[in-house]
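Take a look at the structure set out below.
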Amino acid sequence: MDDITVAVLGTGGIGRRTLELSTHKEWLTPVAACDRHGIAVDHEGLDVTELLDATEGNIASGDGGAGDPVTDGGTAIKQSGAGEGVAASVQGDSTTTPIDDVIAESGLIDAVLMALPNLEHDFIPRVADRFVGAGYDGVLIDVLKRSRVIGLLDEREEQLVDSGITFVCGAGATPGFLTGGAALAAQSFVDVESIDIRWGVGLKSGYEDNRGTVREDIAHLDGYDIETAREMTDAEIEAVIDDHDGVLEFTDMEHADDVLLERAGICDADDVSVGGVLDVRNDEKPTTTTVSVTGTTFDGERATNTFQLGDATSMAANVNGPAIGYLKTGVRMNRNGVYGVFGPAELLPGF
Ligand code: IKT
C-alpha cells in the first residue's frame, strides 16, 4: 500500500486541495489531473507545486458553479470561472475531452478521485459508466453529497463488479468523515434511535475556491432546489449571501449520510438528520461541528455518544483528508478483489 497512483478529475477547490494534500502522503502519487480545458499526465508523478502554481486563480473547472455548460463526451459540466486551467501548466495539454483522455490512461491508474460538480445528480454515475465502458478495474471515489445519487450508483453495481471497480461513494466530510464517525459511535448501542449531524464551516479565505460547494448548499435553502441553484448567476448567489449577512443556516439537508448509514445497517435513513451553518465572511466556524448518536445499549441504558471536530480544522482538511483515507481503503479492497459500491460507514466496524 505504499505506491498508489491517483487521477484527480476537476481542479476546483476539492481537486486542488487533494493534489496539495497528496504532497504530504508519500504513498500517494498524482499521475493525472484534468479540468474542462486541459489534462496533465505523468505516470512518474505530476509536479504538483508547478501545476497548482500555474492554475492558481485560473480555475477552469470548479467543483460546481455557474456559467456555460461545456461538453466532454456528451456530458455537460458547469463551470465557475474561465481560464486556461490545467492547460496553463507546462505539464498540461489542451483538450476538449478531458475525462475521456484520463480514461485512456486509466489502465495505469489505481484510483480516480472525482472532484466534479454535483449539481446534476446523475453526472458522477454517468462518469462511472464511461470508466466501466472502457474496462477500468481500479477504484473510483467521489465526495458527492445528495442521497439520491447513491441509488443511481447501486443500479450500476453489477456492471461495476463485472469491471472490477471498487466504488467508494460519499467520501468527503458529510457524507464521509462524519458518517464514518457516526458508524463508530453507534457501536455502543444495540438500537440506534437517531443520528444528528450539525456542521459549521467558516469559508472567508476559501470562498473563491469553493463557490461550487456554496451553490450546492444554496440548493438546500427553502425556495431553492438543484435546478434553480444551477441556473443562478454568480450575482444572484451573492445576493442570497447578502440577504443572509454572509451566514447561511441549513436544516434537514438531503445528504447521503442517511442512506449510507441505513445501507450499513446502523439505523433507518429517516432517523438521520443533517444541518449546518456556513459563514462565507469569516474563517471561524460559526458553530462547532458536532455529531450526536443516540441509542440504547445491550444492558438497557439510553445514551448519546457525541463527538466534535476541532474548530481550527478547515473544511478542506475535513473533506480531503478523509477522501484520501477512504481512497487508500478502497485500493486495499480492490487489490483483494472486493468490487462494488461502498459507503464510508461500510468501511468501519459492522453493526
Ligand atoms: C462537505 O463538503 O462534505 C459538505 C459541506 C460541509 C462540510 C462540513 C465540514 C465540517 C468541518 O470542517 O468542521 C457542506 C455541506 N457543503
Side-chain angles (χ1 to χ4, degrees), residues 10 12-18 21 62-65 80 113-119 121 124 141-147 149-150 168-182 195-207 209-221 224 226 229 237 240-241 244 247-261 272-280 282-292 306-327 343-345:
I14 292 171
R16 291 176 69 78
R17 295 290 84 79
T18 297
L21 184 51
D63 52 355
S80 60
L113 188 128
M114 297 189 275
L116 293 167
N118 285 239
L119 278 163
H121 59 265
I124 285 173
I141 180 160
D142 67 50
V143 290
L144 63 82
K145 303 189 187 86
R146 292 271 173 176
S147 306
V149 186
I150 307 303
V168 185
C169 57
T174 177
F177 185 2
L178 304 184
T179 334
I195 295 180
D196 182 54
I197 295 174
R198 186 166 160 81
W199 52 265
V201 169
L203 211 51
K204 183 171 183 229
S205 42
Y207 178 49
D209 246 7
N210 288 284
R211 280 169 173 271
T213 297
V214 174
R215 179 180 292 270
E216 220 180 305
D217 285 344
I218 283 175
H220 290 94
L221 290 175
Y224 297 88
I226 296 184
I237 296 280
V240 173
I241 291 170
H244 291 79
V247 182
L248 304 172
E249 180 144 11
F250 305 92
T251 51
D252 291 325
M253 304 179 84
E254 184 204 331
H255 262 224
D257 308 79
D258 57 0
V259 291
L260 293 170
L261 285 159
V272 180
S273 61
V274 181
V277 188
L278 171 67
D279 187 343
V280 299
N282 276 298
D283 278 329
E284 302 255 306
K285 293 185 190 187
T287 187
T288 298
T289 297
T290 304
V291 179
S292 309
T306 302
F307 68 90
Q308 297 186 321
L309 304 194
D311 285 340
T313 62
S314 63
M315 181 174 81
N318 293 324
V319 170
N320 293 282
I324 287 183
Y326 283 122
L327 180 153

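Order of listing sets the numbers, starting from 1, for every ligand and every atom in it.
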**Closest heavy-atom pair and its distance - V280, V214** = CG1-CG2, 4.2 Å

**With P175 via side-chain contact (heavy atoms from CB on, under 4.5 Å) - residues at least two apart** = K145, T179, H255, A256, D257, L260

**Request:** Can you see which heavy atom on E216 is nearest to which on R146, and at what distance?
**Result:** O-NH2, 4.1 Å

**Asked** Does A171 have any side-chain contact (heavy atoms from CB on, under 4.5 Å) partners at least two apart in sequence or in another chain, and if so, which?
**Response** I141, V168, Y326

**Asked** What are the two closest non-hydrogen atoms of V149 and H121, and how far apart are they?
**Response** CG2-O, 3.4 Å

**Asked** Measuring from each atom of ligand 1, which residues have a heavy atom under 4.0 Å away?
**Response** K145, A173, T174, W199, G200, V201, T213, D217, H255, K285, T289, L309, S314, M315, N318, V319

**Message:** Suppose we screen for ring-ring contact (aromatic ring centres under 6.0 Å, His included). Which residues come up paired with F250, at least two apart in sequence or across chains?
**Reply:** W199

